[in-house]
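First comes the structure, then the notes that go with it.
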There are 2 protein chains.
Amino acid sequence: MATPPGRGPLPHGHVTLSDVARFVGVSAQSVSNALNNPGRVAPETREKILSAVEQLGYRPNRSARALRNQRSRLIGVRVEPSRDDRAALLLDQFLHALAESAAATGCHLILCQADGEDSEVAAYRELLSTTSVDAFVLTGAHAGDSRVAALRELGVPFATFGRSWDGDDDLAWTDVDGRAGLHAATAHVAAQGHTRIAHVGWPEESDTGRDRRAGWHDACTDLGLGVDLHEEVADDFDEGRAAAHRLLDRADPATAITCASDTLALGVVRALAERGLRPGGDVAVTGFDNSPAAALSTPGLTSLRQPLEQVAHDLVGAIEELLHGSATPQQTLLQPELVVRASSLRGPAHDAHPSPARPLTPPPEETP
Amino acid sequence: MATPPGRGPLPHGHVTLSDVARFVGVSAQSVSNALNNPGRVAPETREKILSAVEQLGYRPNRSARALRNQRSRLIGVRVEPSRDDRAALLLDQFLHALAESAAATGCHLILCQADGEDSEVAAYRELLSTTSVDAFVLTGAHAGDSRVAALRELGVPFATFGRSWDGDDDLAWTDVDGRAGLHAATAHVAAQGHTRIAHVGWPEESDTGRDRRAGWHDACTDLGLGVDLHEEVADDFDEGRAAAHRLLDRADPATAITCASDTLALGVVRALAERGLRPGGDVAVTGFDNSPAAALSTPGLTSLRQPLEQVAHDLVGAIEELLHGSATPQQTLLQPELVVRASSLRGPAHDAHPSPARPLTPPPEETP
DNA sequence: CTGTTAGCGCTTTCAC
DNA sequence: GTGAAAGCGCTAACAG
């Protein structure tokens, strides 16, 4: 396929605006208007143009639009390195959901990659400086998040998966109510007859960790149970395992252990096995995230499912609002769903088929 | 941060080519040449230009470039819906690795989303028609893959993770040697003293499934063991579980079960538990993928790690070659790595700390 | 070796 | 209501 020598760049066989214009017998501007500014063109002309667009299969060129408008309909997302010793970052499902929600508003996702939080901002900056990116989605926001400050300074709209935790009303975020989740999980094991209920969570510095632990704490207090059984560790399998051993070595040991993550919970399960104890039958265990590992481990691990499709939908909605110049950023708190499996059930280690259970808390409540 | 009105030539404060040109006192063209065509500019001028580029922090605008060159340095990838009842699609790690490799060559990943293989082509088409995408990465290629034909017709370069399996020399692919992997896994359990070694794999229609089963078959034959113990099922936890029950119900039951995936293997582990058998001690079990679920389950599941970083690197390399007009597409077969854990070890259900073991097969061999 | 010209596809003025 | 002009930032072609 030889390219005829000439001045301009290579032809690419795509239908352009002027192709449509020529076809209909109007100017390119009218076609543009018919598409983007329907009011400014006569209904009759509009009809003809739209049918020609359809017929020729015209699709606007994103690069040209981006060049002209400074808006690319591209949303930047970071992919972080995933460790195979952690029970899934959910990035997988989240990205799919995000891509789907974005597509619904004509947007696409562009990835940038960074290994740490510092290089993350550098990656955003790099993407912004070379590519027209309309907005970013950040994951795992936390109090005093340097990324938030940096993106604000760059003047680019963004929404975060995770609250700011410092009462920042100017931040658009969507988050999952970990506190309600752990309240539900704790109440669930209490309903199985447990009274010595422990929590293995993340260190005090983690906002999300504190939130989840508070759910356990509240539930225990509500039920008149003690709150002395808790451990704060990093989100690591072996840390969870070690924490479980400590909780079981106590004089009055735990008979149920709620965890801030599936990774920790699966570490706890390992510890039980090392002591000849059975999850469910001897000690109830619950996790958080409903990762594949929770569903596939034996016995199945009771966990809390995050409604990632809804999270993605709300984040895209929040961004869309930001781009349309909304004054008040959208903030949404979603409820996780308790998925009960054998690890938290007494009796034979029979897995109920993964069946969602209602959280104790009220249905999703949006804070607009 | 308000943009001072009417001052800067740029709406968003980005440094452009002509800014650099004006700064140095040359034409925009020379700056462009200094960057993209170093030979065509005097070394001295080049120095000055490059230092100005550095100083002003100039970054070329991707949209403008794409518009002009029909090349965007964007690689399209599909994200598929992930089921939480499967042991990870590895998409997570793969995407990160891919984004990293792409970044090394100045490319970025743009996502498209599709639920099935048919809508996948539609998604590619949509992306191509609106966005300048230089190439695609396909995952899970198989014989008679409709996507391959469709992308060829569209004339877009692409590389696949997974062989074509129909001896297509024109296809650029990278794949992992599942046959060698299962050979290694089978030999490993044989070395533990097992002689009744089964395989739970995918249906005959699956090329990858046949390949992996062949590895098991070869190893058994090499070792003088029978090859009657096998089941072909869909990649599903419950299917794996049921298959294991069938294999253990036989008159001369299996004492070791190698599987085509971690999902199947974890189903097998569940079946063992239901019969009061211990993985490792009673029946050895191995999976494939080394998913988080394998590392975190108890006992740890012996599995085969796919070298995803290398896969990603090779795929990007293959695409790069394609874009530079290489005649022979790059085809690479990589070796998986056996990760031995307690599920395949006799004796106390003690997990060795996840430690890589060499496959029996020769080191990575590249077919250029 | 360097500058000028032209144009990629699109949309925001501003005439008509 | 419609079209003509201009230009977003960049680079291939062709002078000078």
Side-chain angles (χ1 to χ4, degrees), chain A residues 3-49 53 56-73 128-132, chain B residues 3 6 8-49 53 56-73 106 128-132:
Chain A
T3 339
R7 181 173 292 263
L10 304 156
H12 51 55
H14 282 192
V15 179
T16 75
L17 207 54
S18 21
D19 290 335
V20 178
R22 206 172 305 124
F23 184 83
V24 181
V26 295
S27 74
Q29 292 67 22
S30 294
V31 180
S32 173
N33 282 335
L35 261 24
N36 309 315
N37 242 330
R40 312 188 69 155
V41 77
E44 198 183 326
T45 329
R46 191 169 127 75
E47 279 310 313
K48 269 190 288 197
I49 291 175
V53 161
L56 301 178
Y58 166 75
R59 313 280 355 249
N61 177 306
R62 187 193 305 266
S63 300
R65 264 196 165 160
L67 187 56
R68 177 65 226 199
N69 298 341
Q70 323 287 0
R71 308 218 301 110
S72 59
R73 311 240 47 145
L128 266 180
S129 66
T130 64
T131 313
S132 175
Chain B
T3 335
L10 305 162
H12 274 328
H14 282 190
V15 180
T16 76
L17 207 54
S18 21
D19 289 335
V20 179
R22 205 171 306 125
F23 184 85
V24 181
V26 295
S27 75
Q29 187 54 47
S30 294
V31 179
S32 173
N33 282 337
L35 259 25
N36 309 315
N37 244 329
R40 314 187 75 154
V41 77
E44 199 182 325
T45 326
R46 192 168 126 75
E47 279 311 313
K48 266 190 287 194
I49 291 175
V53 161
L56 300 178
Y58 166 76
R59 314 284 352 252
N61 177 306
R62 186 193 306 266
S63 300
R65 262 195 165 161
L67 187 57
R68 178 66 233 215
N69 298 341
Q70 320 291 357
R71 307 218 304 110
S72 59
R73 311 241 47 140
L128 267 181
S129 66
T130 62
T131 313
S132 175

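Convention: sequence-line order gives letters A, B, ...; per-chain numbering from 1.
Side-chain N/O atoms of A/R68 include none lying less than 4.0 angstrom from OP1 or OP2 on C/dT12. Put simply, A/S18 has no side-chain N or O that comes within less than 4.0 Å of OP1 or OP2 on C/dC10. Checking the phosphate oxygens (OP1, OP2) of D/dC10, no side-chain nitrogen or oxygen of B/S32 falls inside 4.0 Å. Between A/T16 and C/dG9, a side-chain N or O to OP1/OP2 separation shorter than 4.0 Å is absent.
Comparing A/T45 and A/Q29, the nucleotide of DNA chain D nearest to each residue sits closer to the 5' end for A/T45.
Looking at every heavy atom in both residues, A/Y58 comes nearest to A/L35 through CE2-CD2, 3.7 Å. Considering every non-hydrogen atom in both B/P38 and B/R46, the closest pair reads CB-NH1, 3.6 Å. Shortest non-hydrogen contact noted between B/I49 and B/V20 is O-CG1, 4.4 Å. Contact detail for A/V41 and A/S30: the closest heavy-atom pair is CG2-O, 4.4 Å. Scanning both residues, B/L17 and B/S32, for their nearest heavy atoms gives CD2-CB, 3.9 Å. Pairing each heavy atom of A/A28 with each of A/A21, the nearest pair is N-CB, 3.6 Å.
The end-to-end axis angle of the helix from C/dC1-D/dG16 to C/dC16-D/dG1, rounded to 10 degrees and based on five pairs per end, is 50°.
Relative to the side chain of A/L67, the nucleotides D/dC8, C/dT2, D/dT11 differ in distance, and D/dC8 lies closest. Across D/dC10, C/dG3, D/dT2, the shortest atom-to-atom separation from the side chain of B/Y58 is found for D/dC10. In the set C/dC10, D/dG9, D/dG3, D/dG3 carries the atom at the smallest distance from any side-chain atom of A/S27. Out of D/dT11, D/dG3, C/dT11, the shortest distance to the side chain of A/A28 is found at C/dT11.
Protein atom CD of A/E44 is 9 Å distant from nucleotide atom P of D/dT2, rounded to whole Å. Whole-Å rounding puts the A/Q70 CD to D/dC10 P distance at 11 Å. Rounded to whole angstrom, the span from the CZ atom of B/R73 across to the P atom of D/dC10 amounts to 16 Å. Atom CG of A/N33 and atom C1' of C/dT11 are 8 Å apart (whole Å). Rounded to whole Å, the distance from CZ on A/R22 to P on D/dT2 is 19 Å. Here the P atom of nucleotide D/dG9 and the CG atom of B/N36 are 17 Å apart, to the nearest Å. Rounded to whole Å, atom C1' of C/dC8 lies 8 Å from atom CG of A/N61. Residue B/R62 contributes atom CZ, which lies 17 Å from atom C1' of D/dT11 at whole-angstrom precision.
Remark: side-chain polar atoms of A/N37 are not paired, donor with acceptor, to backbone N or O of A/R40 under 3.5 angstrom. In terms of modelled atom types and a separation under 3.5 Å, the side chain of B/R62 and the main chain of B/S72 share a donor-acceptor contact.
In this structure, B/R40 reaches the bases: a heavy-atom distance under 4.0 Å links it to at least one base atom across the strands shown. Looking at heavy-atom distances under 4.0 Å, A/N69 makes contact with sugar-phosphate atoms alone, never a base.
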